[in-house]
Amino acid sequence: MTSQPEKHPRPPRRAVLGTALGGAAAVALPGTAHAAAPTSAQGSTARPWKLRDTMTADSAWEGFLRAQDLLWTRLPTLWHEGPFLGDGQLGSMIYQEPGANRIRFTVQHGRVQDHRPEFGSGWGTCRLPVGHLTLEPAGTITSVDWRLSLWNAELTGTVTTTAGTLTLAALIHDEVLAVRVTADGGERATWTFHPEEAISPRKISEAPPSGYTANPPWTTRTASDGTEQVLQPLTGGGQTATAHRRTGHDLLLSVGHSHPSDTAAEADSLRNLSRAKSYSVLRQRHTSWWHAFYRKSFVSFPDQRLQSFHWIQLYKVASASRAGGPVMATCGPWLEPTPWPAVWWNLNVQLEYWLIHAFNHPELDSLATTLRQNQEQLIANVPAAYRTDSSGIGRSSDMFANRGVGRPGTGAETGDLTWALHNVWLSYRHSMDQSLLRDTIYPVLRRAINYYLHFLTPGSDGKLHLPSTLSPEYPVVPPQDTNYDLALIRWGCQTLLESAELLGVDDELKPRWQEVLAKLTPYSVDANGFMIGADTPYSQSHRHYSHLLMVYPLYLVNWDQPENRDLITKSVVHWHELTGAHRGYSYTGAASMYAMAGDGDTAITYLRKFFDPTTRYPCRANTHYTEAGPVIETPLSASQSLHDMFCQSWGGVIRVFPAVPTAWADLTLHNFRTQGAFLVSAVRKAGVTRFIRVKSLAGEPLKLRHGLTGRLTAVLEDGTAARTHDLGDGVLAIDLPRGREVLVHTGSRPDLSITPVAVSEPGPAWGLP
């Protein structure tokens with residue numbers, strides 16, 4: 001691995017397919033079909049096969065994930081140092097109460113927001129603080145010994161004080177924060193709930209807008225069973241209710257939020273507590289959910305610090321998002337003082353969800369469900385003159401996507417809904433769930449592209465041009481033809497044509513989409529690569545890669561197009577040559593672009609910049625990330641960069657181990673989900689791919705760039721040969737019906753074990769070990 005990023009991405013390492021026939025499901029010469037059985041699969045000698053998954057027992061998972069846990073031997077003093085818990089709605093960060101001998105458990109909730117859109121997303125529809133618990137010991141805290149168990153999604157450990165010891169355990173499940181604390185020696189545990197003012201966390205950076213009035217003060221009451229409730233009414237209607245009770249060693253707390261109802265939140269918070277019963281009862285349901293959750297996929301690679309980080313991101317995204325729940329705000333459910341207490345649609349929300357696909361967890365996709373459920377609001381977001389056929393969304397919004405979008409020609413940022421729909425398209429492609437295509441992608445994307453079509457005009461060159469729009473968040477607005485929007489228009493029209501064919505829709509707009517693809521002006525390019533837009537070079541350091549969207553993640557301009565490789569290289573190099581504004585996702589984005597080029601060593605060099613404490617905005621001790629406030633998407637996008645090194649599936653081709661860093665000789669993937677709804681398992685040892693297994697969940701065409709050399713075997717799970725077709729360039733087409741599995745390898749049948757790999761790059765645990 002080089003110490004500095006290389007100036008040019010190296011061409012991907014292309015394996016040459018073996019063409020020997022016999023003893024394998026042999027691959028014929030390009031352009032011919034082949035269906036002959038391998039020698040070992042003929043007649044009675046056919047040998048079925050099955051993966052030997054060593055990660056089936058609870059003990060195996062518990063042991064593996066224990067090595068990835070976060071640890072603390074000193075008390076965290078900041079939110080980005082401490083443990084974090086969540087269930088997709090309720091969230092808590094645990095760290096020292098500032099300036100006090102107490103431990104803070106923050107209490108925040110993804111649904112708790114204001115409801116006054118006239119004041120914008122920063123103040124009027126922003127996420128609102130709820131409060132925090134404090135655990136106050138009798139003695140002075142001298143040390144802690146904590147473990148955040150990924151396997152159990154539970155914080156456990158001790159707090160040592162001058163008076164004795166507190167032993168604690170904490171988790172969040174079904175919108176209930178549960179904490180159990182026992183005291184030894186002269187210790188005792190005193191709990192206090194502190195409501196927080198229901199005002200935008202943006203107050204740290206600016207004054208409220210003109211005409212803004214504060215929300216009313218909260219009130220408290222105590223029920224006959226000892227349950228205390230804090231009731232927070234809202235000026236814009238609705239209510240937040242926080243209920244908590246202490247029984248013996250257990251403290252249980254739940255938050256309800258309702259709008260427009262002024263009372264439903266009270267009942268919701270009490271009902272959640274009534275279902276919880278006790279810490280032990282809740283924990284049983286909680287651990288059952290998480291143990292089943294982890295088993296859906298597996299990955300292991302030899303860098304301990306990064307491997308641990310990768311698994312923590314899976315825990316994090318499951319703590320922050322569940323389908324049907326609130327779309328993740330830029331801070332996730334862990335609200336802290338921030339100028340960004342809302343959902344940001346011009347990069348943040350997109351990067352937040354990429355990793356769920358390969359990890360095989362579509363049940364975490366609250367972005368897709370948010371767009372499906374709020375289609376009327378997306379229509380209302382465009383100017384009134386365009387609502388008959390258009391939809392859009394502005395830069396930031398609440399959980400209901402409430403934010404107007406400006407008009408092209410005014411320098412407005414207009415493409416964010418289309419980019420968000422690319423995420424939903426990825427959800428469709430990884431599941432092949434046609435209802436997602438029919439009910440969300442097609443109708444919403446049709447309207448999002450329609451909004452653009454109102455403003456495209458022919459120029460004297462015969463090309464269609466788009467008046468001025470903003471490339472997020474570049475400080476200079478091009479006079480026309482912003483590359484960000486041109487890429488999204490191209491992708492949108494291509495996707496609508498493909499979707500119409502898949503759905504059997506004879507759409508009256510098909511000729512228009514075809515015309516746009518034929519006549520849309522080319523991207524603006526200069527000697528340094530892709531520009532921001534017409535007459536607007538990339539000349540200032542920029543944290544976003546908005547002007548490179550056609551390269552990543554849209555792959556419209558990609559490394560499989562030799563004629564574009566020099567352009568891609570110049571563009572990525574020049575983007576990072578101008579330093580100063582780069583942030584964490586600048587490095588993760590570059591890592592993924594070099595991974596597309598098959599250059600794992602440069603990709604990992606860029607990715608490691610995100611973890612370098614000498615950079616201006618590095619990954620924090622608990623794997624969270626902060627700029628002016630919490631920014632959840634960047635660590636999650638770092639996991640996607642790792643996925644891009646392990647397996648890619650854009651352009652209808654699955655690429656196994658396309659950009660593995662040279663230093664990582666061993667790597668195991670299991671049930672890695674790809675586009676086309678395939679589950680890929682593959683093992684790499686001593687720098688060589690030993691086997692690839694692919695299972696089809698939808699019966700889609702399978703094209704596999706396998707990276708294997710030598711005599712090739714492709715055999716179905718019952719031992720019969722798979723029908724294959726050599727497409728050249730190391731790509732094998734395999735006929736794989738829905739529900740069937742194929743094993744691809746060279747030589748004799750290898751060991752088909754799925755096991756963790758040995759660590760060759762040790763590293764400390766995350767947290768404060």
Side-chain angles (χ1 to χ4, degrees), residues 23-25 37-41 44-68 150-151 291-302 304 307 310-311 314 358-361 643 646-647 654 656-657 660 664-674 677-697 702 704 706-708 710-722 732 734 736-760:
T39 302
S40 60
S44 61
T45 62
R47 287 195 300 142
W49 57 269
K50 186 177 182 180
L51 296 184
R52 190 177 72 85
D53 184 1
T54 68
M55 298 296 295
T56 55
D58 281 0
S59 58
W61 274 103
E62 184 172 15
F64 174 78
L65 287 178
R66 184 176 178 83
Q68 324 310 326
L150 300 184
W151 174 238
H291 295 175
F293 169 82
Y294 283 118
R295 283 184 163 90
K296 292 185 178 180
S297 65
F298 180 72
V299 60
S300 178
F301 54 104
Q304 176 56 42
Q307 177 175 254
H310 195 46
W311 282 97
L314 179 58
F359 264 131
N360 195 18
H361 287 289
H643 283 162
F646 301 156
C647 186
I654 296 174
V656 179
F657 301 143
V660 177
W664 295 354
D666 300 338
L667 205 154
T668 296
L669 295 180
H670 184 45
N671 287 342
F672 188 103
R673 187 182 278 252
T674 72
F678 296 101
L679 297 181
V680 173
S681 300
V683 169
R684 170 184 170 93
K685 292 183 178 179
V688 176
T689 301
R690 302 300 181 177
F691 70 85
I692 301 166
R693 166 278 212 168
V694 182
K695 180 175 182 178
S696 174
L697 303 181
L702 172 59
L704 183 68
H706 46 76
L708 293 162
R711 196 150 94 180
L712 199 67
T713 295
V715 61
L716 301 177
E717 73 277 9
D718 60 3
T720 59
L732 185 66
I734 304 174
L736 189 63
R738 179 177 182 175
R740 300 298 300 272
E741 302 179 46
V742 65
L743 176 69
V744 182
H745 65 88
T746 56
S748 59
R749 186 169 297 180
D751 177 13
L752 300 181
S753 296
I754 299 296
T755 60
V757 305
V759 170
S760 61

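Note that these values count all heavy atoms, side chains included, but never hydrogens, waters or copies made by symmetry. Keep in mind that what you see is a predicted model, and the values were worked out from it rather than measured.
- With hydrogens and angles ignored, the 3.5 Å screen pairs no side-chain donor or acceptor of Thr689 with any backbone N or O of Arg684.
- Aromatic ring orientation, Phe359 versus His361: tilted (interplanar angle from 30° to 60°).
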>> One pair to check against side-chain contact (heavy atoms from CB on, under 4.5 Å): Asp751 and Lys685. What are the steps and the verdict?
In response: CA-CA 11 Å; Asp751 177 13; Lys685 292 183 178 179; 4.2 Å; yes

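- Classification of the Trp311-Phe298 ring pair by plane angle, with boundaries at 30° and 60°, yields tilted.
- Asp666 and Arg690 are not joined by a salt bridge, as no carboxylate oxygen comes within less than 4.0 angstrom of a charged side-chain nitrogen.
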>> For a side-chain contact (heavy atoms from CB on, under 4.5 Å) check, start with the C-alpha distance between Val656 and Phe672, then their side-chain angles and the critical distance, and finish with the verdict.
In response: CA-CA 10 Å; Val656 179; Phe672 188 103; over 6 Å; no

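- Side-chain atoms of Arg52 and Ser753 form a donor-acceptor pair, as typed in the model, at a separation below 3.5 Å.
- With contacts defined as side-chain heavy-atom distances shorter than 4.5 Å, the pair Gln68/His310 does not qualify.
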> Step by step, would you call Lys695 with Leu697 a side-chain contact (heavy atoms from CB on, under 4.5 Å)?
Replying inline: CA-CA 6 Å; Lys695 180 175 182 178; Leu697 303 181; 4.3 Å; yes

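- Judged purely by atom type and a 3.5 angstrom limit, Trp49 has no side-chain atom pairing as donor or acceptor with the backbone of Arg749.
- Side-chain contact between Leu679 and Glu741 is absent, with no heavy atoms from C-beta onward closer than 4.5 Å.
- How far CG of Asn671 is from CZ of Phe678: 14.0 Å, rounded to the nearest 0.5 Å.
- For the pair Ser300 (side chain) and Thr668 (backbone), a donor-acceptor distance under 3.5 Å is absent.
- Listed for the Arg738 side chain is no donor-acceptor partner under 3.5 Å among the backbone atoms of Ser696.
- Under the side-chain contact (heavy atoms from CB on, under 4.5 Å) test applied with Ile654, the options Leu732, Ile734, Ile692, Thr674 reduce to a single match, Thr674.
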> Under the side-chain contact (heavy atoms from CB on, under 4.5 Å) criterion, do Arg295 and Met55 qualify, and how do the steps go?
Replying inline: CA-CA 8 Å; Arg295 283 184 163 90; Met55 298 296 295; over 6 Å; no

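- Although no hydrogens or angles enter the test, the distance criterion places no donor-acceptor pair under 3.5 Å between the side chain of Arg693 and the main chain of Leu752.
- In terms of modelled atom types and a separation under 3.5 Å, the side chain of Tyr294 and the main chain of Leu150 share a donor-acceptor contact.
- In this structure the side chain of Val688 never reaches within 4.5 angstrom of the side chain of Leu708, judged on heavy atoms.
- Between the Trp664 side chain and the Gly687 main chain, no donor and acceptor come within less than 3.5 Å of each other.
- Here Thr713 contributes atom OG1 and Phe691 contributes atom CZ; the two are 14.0 Å apart, rounded to the nearest 0.5 Å.
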